[in-house]
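Worksheet: one structure, shown below.
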Amino acid sequence: MSVKKYRRVLIFLMTSALLLTSFSPGPAAPPLKAVAATPLVPAASPVALHGKLQVSESRLTDCHGNSFQLYGMSTHGIAWFPQYVNRDTFRTLRDDWNTNCIRLALYTAEYNGYCSGGDPKELKKLIKNGVDYATELGMYVILDWHVLKDQDPNVYKTEALNFFHEMSALYRDYDNVLYEICNEPNSYATWDSIKSYAREIIPVIRANDEDAVIIVGTPTWSQDIHQAAASPLEYDNLLYALHFYAATHTDWLRQRLNTCLAQGLPVFVSEFGTCDASGNGSNDFQQAALWLELLDRYQISYCCWNLANKAETSSVISPDCHKICEWKPEELSETGRWISDYFRSHPAQ
């Protein structure tokens with residue numbers, strides 16, 4: 001339970017108890033009991049066990065102060081593949097694939113993106129449905145403002161401010177919601193311009209949820225984490241995004257990660273692929289295994305791209321399969337078979 005919500009509930013219950021005892025003499029009231037952290041969180045689920053997350057000493061930690069690792073799938077653009085924002089889909093990812101989080105990718109500038117011809121009302125409804133399903137299942141959920149074609153997040157800063165104000169107000173008392181404020185700044189987007197954007201977005205979120213965990217993208221499609229390590233933002237509970245595609249990003253980027261970790265930078269791999277950086281081409285499972293071994297060693301969280309049946313290497317579902325849950329091995333792509341097996345072998349958290 002968040003501290004803010006606990007205080008409100010505690011004050012209400014204590015006041016009610018005092019009013020009752022003042023009018024009805026009798027035995028002392030029983031001690032107050034704890035209230036569920038997030039609406040309808042099932043027992044023994046990831047959120048029930050680990051509660052509200054925070055960043056402490058460069059690590060993601062749970063409500064008990066223990067190191068904690070999120071791992072799961074990222075959707076593709078929800079405007080194009082809305083069918084996978086589904087309770088049965090998420091349940092399969094939790095129970096069969098052994099994952100504990102889902103990332104909801106809300107494209108901003110692409111065709112039918114939130115800021116480029118899409119229906120903001122319908123897209124926000126998909127986001128809200130996704131949060132509801134994740135919450136009912138006790139999974140963590142990342143709201144991903146998916147900057148890509150727009151390159152610099154400042155292009156649609158006004159829309160981002162309004163979106164994150166609304167979402168953080170809605171989910172201020174939820175223990176399972178994280179905010180990713182800019183997916184992959186690229187091209188002319190510098191770390192200074194990203195920092196300027198973040199310094200406006202973060203206070204808007206924190207005005208509603210002072211303890212929110214926020215993920216900040218880094219330059220060059222979220223690979224230049226060394227620039228963030230050299231000049232980090234002045235807020236707590238931040239994670240910095242690193243993205244890799246195993247057939248393109250190899251030893252040199254892993255070495256950069258190691259250097260930044262030694263400098264104390266808190267990192268979240270909010271997107272990775274087993275193929276090349278285009279999302280296509282051949283898979284390199286050997287490099288992917290080296291990456292995940294490194295991330296697991298340091299308990300760095302990660303989300304695999306992408307949950308869709310698009311005809312591209314990075315999609316985990318076969319283009320011929322139109323099921324939204326309970327996939328058989330032959331209904332998955334080569335990527336899907338490999339990553340689902342990896343998730344199943346991961347020690348449950």
Side-chain angles (χ1 to χ4, degrees), residues 53-55 60 70 74-75 77-78 101-110 113-116 120 123-124 127-128 130-131 140-172 174 176-187 189-225 227-229 231-243 265-271 301-303 305:
L53 306 181
Q54 62 181 342
V55 180
L60 188 65
L70 294 174
S74 174
T75 68
I78 60 173
C101 76
I102 185 78
R103 178 185 188 236
L104 302 174
L106 178 64
Y107 276 79
T108 51
E110 277 67 17
Y114 187 84
C115 307
S116 56
L123 290 170
K124 282 191 289 189
I127 290 286
K128 293 172 184 177
V131 173
Y140 293 91
V141 58
I142 300 166
L143 309 190
D144 163 34
W145 186 254
H146 203 85
V147 171
L148 190 61
K149 187 178 179 181
D150 34 345
Q151 300 178 334
D152 190 312
N154 289 286
V155 171
Y156 293 116
K157 181 176 65 179
T158 299
E159 290 85 350
L161 286 165
N162 291 333
F163 174 81
F164 284 111
H165 171 72
E166 180 178 347
M167 294 299 112
S168 59
L170 189 61
Y171 300 120
R172 63 190 304 165
Y174 282 56
N176 62 324
V177 178
L178 294 80
Y179 303 92
E180 185 170 3
I181 62 174
C182 51
N183 165 62
E184 286 185 353
N186 61 86
S187 187
T190 66
W191 179 233
D192 284 342
S193 68
I194 297 165
K195 287 178 72 175
S196 173
Y197 165 83
R199 284 173 174 147
E200 294 193 54
I201 302 295
I202 291 170
V204 165
I205 297 172
R206 292 283 170 78
N208 290 319
D209 184 353
E210 63 186 11
D211 302 317
V213 173
I214 297 171
I215 305 165
V216 183
T218 55
T220 315
W221 295 275
S222 286
Q223 292 160 42
D224 288 347
I225 54 172
Q227 295 183 22
S231 180
L233 285 152
E234 60 279 2
Y235 303 93
D236 58 7
N237 280 346
L238 294 190
L239 296 161
Y240 296 89
L242 170 66
H243 292 180
L265 188 73
V267 174
F268 193 124
V269 177
S270 55
E271 180 180 318
S301 300
Y302 50 81
C303 291
W305 183 266

| message | Evaluate Leu238 against Ile202 for side chain to side chain contact (heavy atoms under 4.5 Å, CB included), listing each step before the verdict. | response | CA-CA 10 Å; Leu238 294 190; Ile202 291 170; 3.9 Å; yes
Hey, does [Y] have a side-chain heavy atom less than 4.5 Å from the side chain of [X]?
X: Trp145; Y: Cys115; result: yes
X: Ile181; Y: Ile205; result: yes
X: Pro232; Y: Tyr240; result: yes
X: Asp224; Y: Trp191; result: no
X: Glu271; Y: Glu180; result: no
X: Tyr107; Y: Ile78; result: no
X: Phe268; Y: Ile142; result: yes
X: Val216; Y: Ile201; result: no

Would you confirm whether [X], through its side chain, and [Y], through its main-chain N or O, come within 3.5 Å as a donor-acceptor pair?
X: Thr108; Y: Tyr114; value: no
X: Arg103; Y: Ser270; value: yes
X: Thr75; Y: Ala105; value: yes
X: Asn186; Y: Glu184; value: yes
X: Asn162; Y: Ala160; value: no
X: Asn208; Y: His165; value: yes

Pairing residues for [X] by the side chain to side chain contact (heavy atoms under 4.5 Å, CB included) criterion, not counting sequence neighbours:
X: Ala189; value: Asp152, Pro185, Ser193
X: Leu170; value: Lys128
X: Gln54; value: Thr61, Asn237

Once you round to the nearest 0.5 Å, how far does [atom1] of [X] lie from [atom2] of [Y]?
X: Leu60; Y: Leu53; atom1: CG; atom2: CG; value: 5.0 Å
X: Leu104; Y: Ser74; atom1: CG; atom2: OG; value: 8.0 Å
X: Arg199; Y: Tyr235; atom1: CZ; atom2: OH; value: 6.5 Å
X: Ile214; Y: Asp236; atom1: CD1; atom2: CG; value: 9.0 Å
X: Asn183; Y: Ile215; atom1: CG; atom2: CD1; value: 10.5 Å

Do you know the tightest heavy-atom contact between [X] and [Y]?
X: Ala198; Y: Leu233; result: CB-CD1, 3.8 Å
X: Val267; Y: Leu242; result: CG1-CB, 3.8 Å
X: Gly113; Y: Leu123; result: C-CD1, 4.2 Å
X: Cys101; Y: Leu70; result: SG-CB, 3.9 Å
X: Ala109; Y: Tyr156; result: CB-CE1, 3.9 Å
X: His243; Y: Trp221; result: CB-O, 3.7 Å

Could you walk me through whether Leu161 and Glu200 satisfy the side chain to side chain contact (heavy atoms under 4.5 Å, CB included) test, starting with their C-alpha distance in whole Å, then the side-chain angles of each, then the deciding distance to 0.1 Å, before giving a yes or no? CA-CA 8 Å; Leu161 286 165; Glu200 294 193 54; 4.3 Å; yes
Take a 6.0 Å sphere around NZ of Lys195 and say whether it holds more than 12 heavy atoms from other residues, nucleotides or ligands.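 Atom NZ in Lys195 is packed in, count exceeds 12.
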Practice prompt. Please determine which of Asp144, Leu143, Val213 meets the side chain to side chain contact (heavy atoms under 4.5 Å, CB included) test together with Tyr179.
Written response: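 Per the side chain to side chain contact (heavy atoms under 4.5 Å, CB included) rule, the option paired with Tyr179 is Leu143, out of Asp144, Leu143, Val213.
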